[in-house]
Amino acid sequence: MIATAAFVLGFLTIGLTVVFLAFGGGPRGARRNLHRQSRGGNKFALSVMFVVTIAFGVGIPVAVLASNHDNQSKKAPGGVKLTASEQHGRKIFAKNCSTCHTLAASNAVGKVGPSLDQIRPVAALTLNAIQLGRARGQGQMPAGLVDGQDAKDVAAYVAATAGHG
Ligand code: HEC
């Protein structure tokens with residue numbers, strides 16, 4: 001965010017500078033300049049254009065790539081930073097849990113089970129639900145949908161993101 005803001009501010013500064021130079025001396029000055037534009041002035045304007053073009057052509061893609069790399073891949077919606085295993089858990093969730101549960105961080109809107117954004121389960125509760133299943137009269141969650149590291153990772157992911165969407 002800060003990098004992007006600095007980038008935009010930089011452009012505003014360049015843009016305003018060009019405008020001020022072009023119209024320096026007010027409307028009368030500009031009209032006078034139209035008639036006797038010096039070669040030096042043209043060259044200067046050209047090099048400003050050149051710099052601005054390069055800055056746009058290279059700067060914007062680089063900034064976009066950089067921010068994608070830093071933010072999007074590791075952050076679930078809601079701005080939560082995920083560890084590597086939570087990122088793995090996110091994939092597990094999409095495959096095994098999202099059909100039945102609502103979780104905004106995964107854009108999941110399942111209605112069979114309770115909304116995880118509302119119950120915000122700690123990792124241990126999710127692990128227990130996965131291991132034993134749940135059937136307390138509000139629908140059924142089969143036991144052992146995932147196990148081992150997958151179960152731990154998905155539990156950590158839910159604990160980190162539930163209620164943050
Ligand atoms: C077939 C649908 C279904 C799937 C798939 C499913 N669940 Fe559930 N889940 C439910 C239902 C229904 C309940 C509530 C059962 C009850 O309380 O009677 C529930 C309850 C829960 C609870 C609350 C447990 C508690 O004690 O309050 C958690 C946490 C949970 N599920 C996490 C998950 C995770 C993580 C996954 C993916 C590994 C998953 N669920 C997959 C249907 C599902």
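The model shown is predicted, which means the values in this text are computed figures rather than measured ones. Scope of the values below: all heavy atoms of this structure, side chains included, with no hydrogens, waters or symmetry mates. Counting convention: from 1, in listed order, for ligands and their atoms alike.
- In this structure, L127 is not a member of the same hydrophobic cluster as M141, with clusters built from ILVMFWY side-chain heavy atoms closer than 4.5 Å.
- Looking at N128 against ligand 1, nothing comes within 4.0 Å, counting heavy atoms.
- Taking every non-hydrogen atom of P121 and a distance limit under 4.0 Å, the qualifying atoms of ligand 1 come out as 29 (C).
- For ligand 1 and I119, the ligand atoms under 4.0 Å from any heavy atom of the residue are 23 (C).
- Scanning all protein heavy atoms for the shortest distance to atom 2 (C) of ligand 1 gives C100 SG, 1.9 Å.
- A continuous path of Ile, Leu, Val, Met, Phe, Trp and Tyr side chains, each step under 4.5 Å between heavy atoms, connects I60 with V48, placing both in one hydrophobic cluster.
- Follow the hydrophobic side-chain contacts under 4.5 Å out from I130 and you never reach V122; the two are in separate clusters.
- Clustering ILVMFWY residues whenever any of their side-chain heavy atoms sit less than 4.5 angstrom apart, transitively, puts I119 in the very cluster that holds L103.
- Checking Y157 against S85 by side-chain atom types alone, no donor-acceptor pair falls below 3.5 Å.
- The nearest protein atom to atom 11 (C) of ligand 1, hydrogens excluded, is given as G113 CA, 3.5 Å; this is a heavy-atom distance.
- Residue, atom and distance of the protein heavy atom nearest to atom 27 (O) of ligand 1 are R136 NH2, 3.2 Å.
- If you number the atoms of ligand 1 from 1 as listed, the ones under 4.0 Å from a heavy atom of L145 come out as 4 (C), 5 (C), 6 (C), 41 (C).
- Short contacts between ligand 1 and T126, defined as distances under 4.0 Å to a heavy atom of the residue, involve ligand atoms 29 (C), 35 (C).
- A 4.5 Å side-chain heavy-atom check between M49 and V52 finds every atom pair outside the cut-off.
- The shortest side-chain heavy-atom distance between T99 and V112 does not fall under the 4.5 Å cut-off.
- No side-chain heavy atom of C97 sits less than 4.5 Å from a side-chain heavy atom of L145.
- The shortest contact between atom 28 (C) of ligand 1 and any protein heavy atom is with L116 CD2, 3.9 Å.
- Protein heavy atom closest to atom 10 (C) of ligand 1, with residue, atom name and distance, is M141 CB, 3.3 Å.
- Of the protein's non-hydrogen atoms, the one nearest atom 37 (C) of ligand 1 is C97 SG, 1.8 Å.
- At a heavy-atom cutoff of 4.0 Å, ligand 1 is contacted by no atom of I92, backbone or side chain.
- Using a 4.0 Å cut-off to heavy atoms of N96, the atoms of ligand 1 that qualify are 5 (C), 37 (C), 41 (C).
- More than 12 heavy atoms of other shown residues, nucleotides or ligands fall within 6.0 angstrom of atom CD in Q149.
- When the heavy-atom distances from atom 9 (N) of ligand 1 to K111, R134, H101 are ranked, the shortest goes to H101.
- Between T161 and L82, some side-chain heavy-atom pair lies under the 4.5 Å cut-off.
- Among protein heavy atoms, atom 13 (C) of ligand 1 sits closest to P114 CD, 3.4 Å.
- Near G137, the atoms of ligand 1 lying under 4.0 angstrom from a non-hydrogen atom of the residue are 18 (O).
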